[in-house]
**Student:** 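Got a structure for you, written out below as structure tokens; questions coming shortly.
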2 protein chains.
Amino acid sequence: MASLPSILGGLDPTSDRAVFRQIADQLREAIDRGRFKEGEKLPSEAELVEHYGVSRMTVRNSFSILQGEGLVHAEHGRGVFVRPRPPVRRLASDRFARRHREQGKSAFIVEADAAGSHPTVDSLEVKEEKAGQDISTRLGSVRRVLARRRRYLLDGRPVEFATSYLPLDIARGTQIAEPNPGPGGIYARLEELGHQLDHFEEEIRARMPSPSEVKTLQLASGVPVIHLIRTAFDTSGRAVEVCDTVMAADAYVLSYQLPAT
Amino acid sequence: MASLPSILGGLDPTSDRAVFRQIADQLREAIDRGRFKEGEKLPSEAELVEHYGVSRMTVRNSFSILQGEGLVHAEHGRGVFVRPRPPVRRLASDRFARRHREQGKSAFIVEADAAGSHPTVDSLEVKEEKAGQDISTRLGSVRRVLARRRRYLLDGRPVEFATSYLPLDIARGTQIAEPNPGPGGIYARLEELGHQLDHFEEEIRARMPSPSEVKTLQLASGVPVIHLIRTAFDTSGRAVEVCDTVMAADAYVLSYQLPAT
DNA sequence: CTTGCCCACTCGTCTATACGAGTATGCGTG
DNA sequence: CACGCATACTCGTATAGACGAGTGGGCAAG
């Protein structure tokens, strides 16, 4: 690494911009310009204290800004690093097309394999439970539902946590209530049970994660989540499934095709 | 407000959870339980210092956690407040349907009026410029483009900043290059120019805002942005427009309909 | 009564210090 | 050579204090 003064400038005492913001600005710009590359270690707190002639808390304050922006992450005992942009998983709007369902594996496994990643599914939980207000409304005022919870990982990194809710009168006693729903997933089973799927409705929000989501998805600070709620409708117009998904936003790009008609 | 000890508990010195995290946990839980309501003022730093018997920086540290989660926001000289969840704007996937285009006003104005909000559009800029790498690729290797920039506000609050890029050979000299593109917007003009629209492609990402986005959208800390890139294709398969939109995530829910075929 | 100022309270910024805990390296011992 | 420990360096947590600046209410002067 080049010497600090050659990368970072000095402070402007006449500026009304707070010192810790000025430091954050300089570090951010250096990162943007590629003076610090992805995964690279930034100068230590002590070095910056020395360089700028400020106290350590001021430097830490600067780092905390960059952390909130998702630009860097600190590792206890090692240093502060430029956060690498992880490879993203693209979700195409045709990902539930029937033709993708004919094969054996789940959509997640197939896609990940194709992308050369190592996919895993864990924390599988299948149980009957009371539907929350929102789920109940979306499914048409059902009281109890079958909930299928699972977490998806790519190369060991959790990227998505999803829960499917199905009305008991549809799912109870079927393979949908089993941990392994069989080839083509629960959508294939639903169609076999006579619920020909007609269309899906997806609602998308983005927000900062709750503490429990941070834990489940092992999220770095400064990484939002995408909250997707999908409702599946059969040809009779009935909502047959609601899938509530929370995704690490830095791992996904969602893609949709809209007709212009 | 009830007395502090009745709302907030004490600290657990035996816990290995940091004190400032314990305080943040208690405040978060109190907010979730509704002990502090939306827009309500939290106890001041001094009060919490007194209640917990810790130093002021520790309390501020707790607040900064909650701020990062988007739960609270501080106002200089006034206090720390529970951040109200603003009314959200729903974007339906049929928002570009031709029938919505026949009327005079823009989609944004019509929707906002219907929702009882007061819509504004400002920072209008229309100019020719060099296309960036990404835009150029999406439009099919064009070098220069017409860029239309505008910011949308609801009841005075900025919620969205959008830039439309169009190939010069299509847009130059037409009403599309005027500040006011006329009734139905640029999509109506494109169709009049013989570019019958076929479909749109939308890419969605979520991330923390850059400092300039924080400024433009007046974002509170802990609010991510939704980054949407829409490409419009005409019936010949040509990309005729790319619209790059950055939205305040707390102001939007995106909604899509997908066929199951 | 109105105006304007003062003051108390609030958060914002910054310093200086202390100790704890995780990481990595190198050196000395076996 | 291999192992283990000491040590230096890193960030994490917490204290105590100081001054600045925005807000709002009360009080005094006009």
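These figures come from a predicted structure and were not determined experimentally. The chains referred to below are lettered A, B, ... by the order of the sequence lines, with proteins before strands, and numbering in each begins at 1.
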**Student:** Using only side-chain N and O atoms of B:T58, determine if any of them is under 4.0 Å from OP1 or OP2 of D:dT15.
**Tutor:** yes
**Student:** Rounded to the nearest 0.5 Å, what's the gap from CG on B:L91 to CG on B:L228? Could you check?
**Tutor:** 8.0 Å
**Student:** In whole angstrom, what separates B:E45's CD from D:dA14's C1'?
**Tutor:** 16 Å
**Student:** What is the separation between atom OH on A:Y52 and atom P on C:dC14, rounded to the nearest whole Å?
**Tutor:** 13 Å
**Student:** In this structure, are over 12 heavy atoms from other groups packed under 6.0 Å from B:E125 atom CD?
**Tutor:** yes
**Student:** For the pair made of CG in A:D16 and P in C:dG12, what is the distance, rounded to whole Å?
**Tutor:** 16 Å
**Student:** Tell me: CZ of A:R60 to P of C:dA16, nearest whole Å?
**Tutor:** 17 Å
**Student:** Identify whether the distance between the nearest side-chain nitrogen and carboxylate oxygen of A:K41 and A:E75 falls below 4.0 Å.
**Tutor:** no
**Student:** Within a strict 4.5 Å, meaning less than it, do heavy atoms of the A:M208 and B:P224 side chains meet?
**Tutor:** yes
**Student:** Assign B:F20 to base, sugar-phosphate, or nothing according to its heavy-atom contacts below 4.0 angstrom with the strands shown.
**Tutor:** sugar-phosphate
**Student:** Side chains of A:E202 and A:Y256 only: does a donor on one sit below 3.5 Å from an acceptor on the other?
**Tutor:** yes
**Student:** Hey, is B:R148 close enough to B:E129 for a salt bridge, meaning N to O under 4.0 Å?
**Tutor:** no
**Student:** Of all the choices, D:dA14, C:dC11, D:dT10, which nucleotide is nearest to the side chain of A:A46 once you look at every atom?
**Tutor:** D:dT10
**Student:** Taking only residues two or more places apart in sequence or in another chain, which ones pass salt bridge (Lys or Arg N to Asp or Glu O under 4.0 Å) with A:R151?
**Tutor:** A:D122
**Student:** Given atom CD of A:E50 and atom P of C:dT15, what is their separation to the nearest angstrom?
**Tutor:** 15 Å
**Student:** Heavy atoms within less than 4.0 Å of DNA chain C: which residues of residues 79-86 of chain A have one? Give them sorted by number.
**Tutor:** none
**Student:** In whole angstrom, give the distance that lies between atom CG of A:N61 and atom P of C:dC14.
**Tutor:** 8 Å
**Student:** Tell me: NZ of B:K41 to C1' of C:dT10, nearest whole Å?
**Tutor:** 7 Å
**Student:** Of B:S44 and B:M57, whose closest DNA chain C nucleotide lies nearer the 5' terminus?
**Tutor:** B:S44
**Student:** Once you apply a heavy-atom cut-off of 4.0 Å, does B:R21 come out as touching a base, just sugar-phosphate, or nothing?
**Tutor:** sugar-phosphate
**Student:** Between atom CZ in A:R78 and atom P in D:dC9, what is the gap in whole Å?
**Tutor:** 17 Å
**Student:** Check every atom of C:dC14, D:dC11, D:dG22 against the side chain of B:H76 and return the nucleotide holding the closest atom.
**Tutor:** D:dG22
